[in-house]
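Read the structure below first, then the notes.
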Amino acid sequence: MMNLQQELDALIEITMAYANDVKRRQRIPQLPIAVRAAEQALAETSTSVPQSITMPPRSQRDEIRQRVNNFRAHQEKMAREREDYYLQVKARMVAPLTTISLPPL
């Protein structure tokens with residue numbers, strides 16, 4: 001139990017030392033001048049960003065319909081890819097059988 005109390009006291013001491021250190025730190029006196037100079041340099045060199053084209057707000061029903069259509073299209077694409085993969089695997093499995101000649105029974 002004594003060890004826990006010592007650790008707690010050490011933690012409090014470290015925390016207080018850190019807090020005092022933060023209080024003692026001075027602000028950089030030329031910082032506002034540097035910030036103004038940087039802002040001015042950026043204003044001189046930067047180009048204006050064109051306004052983005054905003055779409056008119058859609059109704060929730062239209063948004064849901066669009067999401068369902070996107071989901072359906074994705075599912076159809078996945079089904080086509082599965083079918084293509086199945087046909088490719090089947091063709092690879094059947095190909096060795098056609099090259100092997102079996103003796104007549």
Side-chain angles (χ1 to χ4, degrees):
M1 194 65 162
M2 192 63 157
N3 191 15
L4 181 62
Q5 185 64 37
Q6 290 172 347
E7 289 179 15
L8 180 60
D9 291 341
L11 177 63
I12 291 172
E13 184 180 335
I14 292 170
T15 305
M16 292 302 290
Y18 176 73
N20 290 334
D21 184 47
V22 169
K23 283 182 187 177
R24 277 186 261 138
R25 291 188 185 175
Q26 298 289 326
R27 292 200 179 270
I28 302 171
Q30 286 80 20
L31 186 60
I33 297 168
V35 169
R36 271 187 264 131
E39 287 175 348
Q40 186 179 14
L42 285 173
E44 292 171 359
T45 59
S46 66
T47 60
S48 64
V49 177
Q51 293 287 336
S52 63
I53 299 172
T54 57
M55 299 295 290
R58 299 186 301 185
S59 69
Q60 288 181 347
R61 187 177 300 268
D62 290 339
E63 185 175 349
I64 292 170
R65 186 177 296 120
Q66 182 64 39
R67 287 179 183 229
V68 168
N69 288 338
N70 289 343
F71 179 77
R72 188 173 290 136
H74 180 72
Q75 292 297 314
E76 289 171 358
K77 176 185 168 196
M78 295 300 291
R80 284 192 306 272
E81 289 176 358
R82 270 193 309 271
E83 182 69 22
D84 291 343
Y85 180 74
Y86 166 76
L87 293 174
Q88 290 172 4
V89 170
K90 186 177 176 184
R92 282 194 310 239
M93 290 174 59
V94 171
L97 295 178
T98 57
T99 58
I100 299 173
S101 60
L102 297 174
L105 292 174

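Atoms considered below: every heavy atom in the structure, side chains included; atoms not considered: hydrogens, waters and symmetry mates. A quick note: this is a predicted structure, and the numbers were derived from the prediction, not measured.
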Side chain to side chain contact (heavy atoms under 4.5 Å, CB included) with Asn69: which residues, sequence neighbours excluded?
-> Arg65, Arg72
Could you identify which residues cluster with Val68, counting Ile, Leu, Val, Met, Phe, Trp and Tyr as linked when any side-chain heavy atoms lie under 4.5 Å apart, either directly or through a chain of such contacts?
-> Ile64
Under 3.5 Å, sequence neighbours excluded: what are the donor-acceptor pairs made by side chains of residues 8-20?
{"residue": "Asp9", "atom": "OD1", "partner": "Gln5", "partner atom": "NE2", "Å": "3.2"}
{"residue": "Thr15", "atom": "OG1", "partner": "Leu11", "partner atom": "O", "Å": "2.8"}
{"residue": "Asn20", "atom": "ND2", "partner": "Met16", "partner atom": "O", "Å": "3.3"}

Under the salt bridge (charged side-chain N to carboxylate O under 4.0 Å, His left out) rule, collect the residues that match up with Arg67, sequence neighbours excluded.
-> Glu63
Would you be so kind as to tabulate the donor-acceptor pairs closer than 3.5 Å made by side chains of residues 76-89, with sequence neighbours excluded?
none

